[in-house]
Amino acid sequence: AGATMSTYETISIEFTAPPPTTSARAGQSGGCRLRYRRYGSTAWQDALDLPYDTGERNGIAALPAQYRGAALLLEPGTLYEISAIHDDKSEHVLTARTRVDVSRLPIARTIKLPERSAPLTVREGGSAQGYILYEPAGGRRAILDARRLGDYCLALDARERPVRFVIFRNIRFTGALRHCVLLGSSERGNAEDIGDIIFDNCDFDDWSSPGAVGCRYGENLHSGIYSASTALENVTVQACHFHDPAFGANSWYADEGVACTGTNHPEGPQCITFKRSVGGHVIRYNTFEAGRGVRFNDSMGETGNFSDAGFPAANCDIYGNIVRGVNDDGIEIEGRDQNIRIWNNLFDDCFHGIALAPSYRGPVYIWGNIGLRSRSGRTRARGQNFLKWRRMSGNTDWSGAHVYIFNNTLLPPIDRNRGFKQLYGEASPEESIRNWHVWNNLVHNDQEPGRPEVAFEDPHGVNNDIRNNI
């Protein structure tokens, strides 16, 4: 039995079959051979094999034993045949269509917004046959302005009926005391049916309020887009600009952070927070840059890292983004991490690039990303490794995912600023990695004196394939 889940350029596959009986094919990770072709074509194209997950975590059968993976870099709106060939020679062929590109979606109704208006609550959606489109009346950009008086610029309220199939295009969301956009009627956990929501060429700025009286840092997780709905799925954020929150996040070394929040861990505003969502999200071609002397906590993420929840959850793509001015993780993908793809992003002026602390289900694909400057704060030039990893929470091991890391580049330091220390370095034997496939990465180290100048440091790792890294 098999199942597929599609985004614009990828198709996830989950496939139940016996464990592999032979070793990996050359250049592969073992398991089921995966290939694909456009429907009606005769020529198959190979993809990365589907790795096998035994489902065992912490000595018990915690998850389904299955093959999981994805066909990558496909064409939007196209029907494909997907072939999974087990090493016992049995073959199963599935068909799946990638999502239609945003520019080609059907529009049932267009709502024109004036040049500037008060905060908006949306309680009605469209359908797969016709989206509802919100866009400016004048053709340039509409402004939803909370004027530093309201908590939100836009809220989607799905308490009475689902709010799905809605596009927000060419809109500036500004002046919110908490979040520019709230996907749901409440910031508390809920199960409101919200999905297939698209933010296209929008601008998010001037959100957040102090985390405590007299604190110069913003409250933790105040976001450009925020949701606590456990039913949230299929949100697309594309070609948007997140910048200049009203308050920033403390750094790892800011004494004021301890006074305000009780911790020196960065806390404060970020761009996107989806708590315990279903997944299916696509975040692409955006610019996340704090600006004006303030910095973000992470650019995106949530709090359920050591769990089978987390951000972005499952079957998500994050690509083509620019991430700058982050005091902790450029992109935080932690927790469930089931079929997550991160590619062709630029990370500059971040503490870490990508955080996988931990990755529970997998697989995760990370390729084609570029790392520039790594910094621990606005005025501190020493940052950290490009990839952040942890597996343990108390006595519970939340690792086990297969992680593919290939064709990434860490560039030398720019001017007097520092680059990332290395691709990854082991924190302790208890935090050693397993099931990582690290191929063909070009790494310029910027280590502290006395530390080994290696691209990848993990002497206690298990079942890893590390090769051809420079």
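Because the structure is a prediction, the values reported are computed rather than measured.
Counting all heavy atoms, side chain and backbone alike, A70 lies closest to Y365 at N-OH, 3.3 Å. Contact between L73 and T10 at its shortest, heavy atoms only, is N-CG2, 4.3 Å. Considering all non-hydrogen atoms of both residues, L144 and C153 come closest at O-SG, 3.5 Å. What you find for S359 and I333 is that their closest heavy atoms are OG-O, 4.4 Å. The two residues R391 and P358 come nearest to each other via the heavy atoms CA-CB, 4.0 Å. Closest heavy-atom contact between N315 and I340: N-CD1, 3.9 Å.
A distance of 7.5 Å separates NE2 in H265 from CD in E267, rounded to the nearest 0.5 Å. A distance of 10.5 Å separates OG in S208 from CD in Q270, rounded to the nearest 0.5 Å. Atom CZ of R164 is separated from atom CG of L156 by 11.5 Å, given to the nearest 0.5 angstrom. The structure places OG1 of T7 at 8.0 Å from CG of L74, a figure rounded to the nearest 0.5 Å. Between D317 atom CG and H281 atom NE2 the span is 11.5 Å, to the nearest 0.5 Å. Atoms CG and CZ, on L177 and F247 in that order, are 9.5 Å from each other to the nearest 0.5 Å.
Taking a cutoff of 4.0 Å between a charged side-chain nitrogen and a carboxylate oxygen, D203 and R141 do not qualify as a salt bridge. The residues R324 and D349 are annotated as not salt-bridged, no charged nitrogen and carboxylate oxygen being separated by less than 4.0 angstrom. Salt bridge status for R276 with E302: present, with a side-chain N to carboxylate O gap under 4.0 Å.
The shortest distance between side-chain heavy atoms of S227 and I194 does not fall below 4.5 Å. Looking only at side-chain heavy atoms (C-beta outward), V323 and F296 stay at 4.5 Å or farther from each other. The side-chain heavy atoms of I272 and S299, taken from C-beta on, include no pair separated by under 4.5 Å. Counting only heavy atoms from C-beta outward, the side chains of T16 and P64 never approach each other to under 4.5 Å. Using a 4.5 Å cut-off on side-chain heavy atoms (C-beta onward), W398 and N58 make no contact. Using a 4.5 Å heavy-atom threshold, the side chains of C271 and F204 count as separate. Here the side chains of D244 and D206 are not in contact, with every heavy-atom distance at 4.5 Å or above. A heavy-atom distance below 4.5 Å is not found between the side chains of L34 and L48.
Note: F406 and W367 have parallel aromatic rings, judged against thresholds of 30 and 60 degrees for the angle between ring planes. Ring geometry, F386 versus F347: the interplanar angle exceeds 60°, so the pair is classed perpendicular (tilted spans 30 to 60°). Using cut-offs of 30° and 60° for the angle between ring planes, the H222 and H179 rings count as perpendicular. Classified by interplanar angle (parallel below 30°, tilted 30° to 60°, perpendicular above 60°), the ring pair H402/Y404 is parallel.
A donor-acceptor pair shorter than 3.5 Å can be found between the side chains of N345 and N369. Side-chain contact, E135 with T110: no donor N or O sits under 3.5 Å from an acceptor N or O.
Although no hydrogens or angles enter the test, the distance criterion places a donor-acceptor pair under 3.5 Å between the side chain of E192 and the main chain of S185. Without hydrogens or angle criteria, N327 side chain to N250 main chain gives a donor-acceptor distance under 3.5 Å. At distances below 3.5 Å, not a single donor-acceptor pair connects side-chain atoms of T273 with backbone N or O atoms of Y226. Within the 3.5 Å criterion, the main-chain N or O of G362 finds a donor-acceptor partner in the side chain of R68. Side-chain atoms of S307 come within 3.5 Å of backbone N or O of G304 as a donor-acceptor pair. Remark: side-chain polar atoms of N286 are paired, donor with acceptor, to backbone N or O of C240 under 3.5 angstrom. A donor-acceptor contact shorter than 3.5 Å links the side chain of S374 to the backbone of F351. Under a 3.5 Å cut-off, the side chain of D53 and the backbone N or O of P51 do not form any donor-acceptor pair. Judged purely by atom type and a 3.5 angstrom limit, N464 uses its side chain to pair as donor or acceptor with the backbone of N435.
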Practice item. List the steps and the verdict of side chain to side chain contact (heavy atoms under 4.5 Å, CB included) for Y80 and E75. Key: CA-CA 9 Å; Y80 286 91; E75 293 294 324; 3.5 Å; yes
Exercise for review: Might you work through the side chain to side chain contact (heavy atoms under 4.5 Å, CB included) test for R169 and L133, ending with a clear yes or no?
Suggested key: CA-CA 7 Å; R169 178 171 290 152; L133 169 63; 3.9 Å; yes
Point to revise | Full working for side-chain hydrogen bond (donor to acceptor under 3.5 Å, both in side chains) between S251 and R295 | key: CA-CA 8 Å; S251 77; R295 296 170 68 82; over 6 Å; no
**Study point:** Worked verdict on H241 versus E289 for side-chain hydrogen bond (donor to acceptor under 3.5 Å, both in side chains)
**Key:** CA-CA 8 Å; H241 189 193; E289 55 181 356; 2.9 Å; yes
Exercise for review: Carefully, step by step, assess F311 and C316 under the rule side chain to side chain contact (heavy atoms under 4.5 Å, CB included).
Suggested key: CA-CA 10 Å; F311 176 92; C316 298; over 6 Å; no
Exercise for review: Under the side chain to side chain contact (heavy atoms under 4.5 Å, CB included) rule, what do I366 and L356 come out as? Steps first, then yes or no, please.
Suggested key: CA-CA 11 Å; I366 298 172; L356 305 106; 3.9 Å; yes
Exercise for review: Carefully, step by step, assess E14 and R361 under the rule salt bridge (charged side-chain N to carboxylate O under 4.0 Å, His left out).
Suggested key: CA-CA 12 Å; E14 297 176 1; R361 293 199 179 206; over 6 Å; no
Exercise for review: Any chance you could lay out the side-chain hydrogen bond (donor to acceptor under 3.5 Å, both in side chains) test for R390 and N305, step after step, and finish with the verdict?
Suggested key: CA-CA 10 Å; R390 284 187 62 194; N305 301 346; over 6 Å; no
Exercise for review: Begin from the C-alpha positions of R178 and E187 and carry the test salt bridge (charged side-chain N to carboxylate O under 4.0 Å, His left out) through to its verdict.
Suggested key: CA-CA 10 Å; R178 297 184 64 80; E187 296 180 36; 2.6 Å; yes
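Of the residues listed (F242, F168, Y285), the one engaging F199 in a ring pair (Phe, Tyr, Trp, His ring centres under 6.0 Å) is F168, and it is the only one.
R57 forms a cation-pi arrangement with Y360, by the criterion of a distance under 6.0 Å to the ring centre and an angle within 45° of the ring axis. A cation-pi contact, defined as under 6.0 Å to the ring centre and within 45° of the axis, links R284 to Y8.
With sequence neighbours excluded, the residues that form a salt bridge (charged side-chain N to carboxylate O under 4.0 Å, His left out) with R116 are D145. For R97, the salt bridge (charged side-chain N to carboxylate O under 4.0 Å, His left out) test picks out no residue, with sequence neighbours left out. Listed by chain and residue number, nothing satisfies the salt bridge (charged side-chain N to carboxylate O under 4.0 Å, His left out) test with D151 (two or more places apart in sequence, or in another chain).
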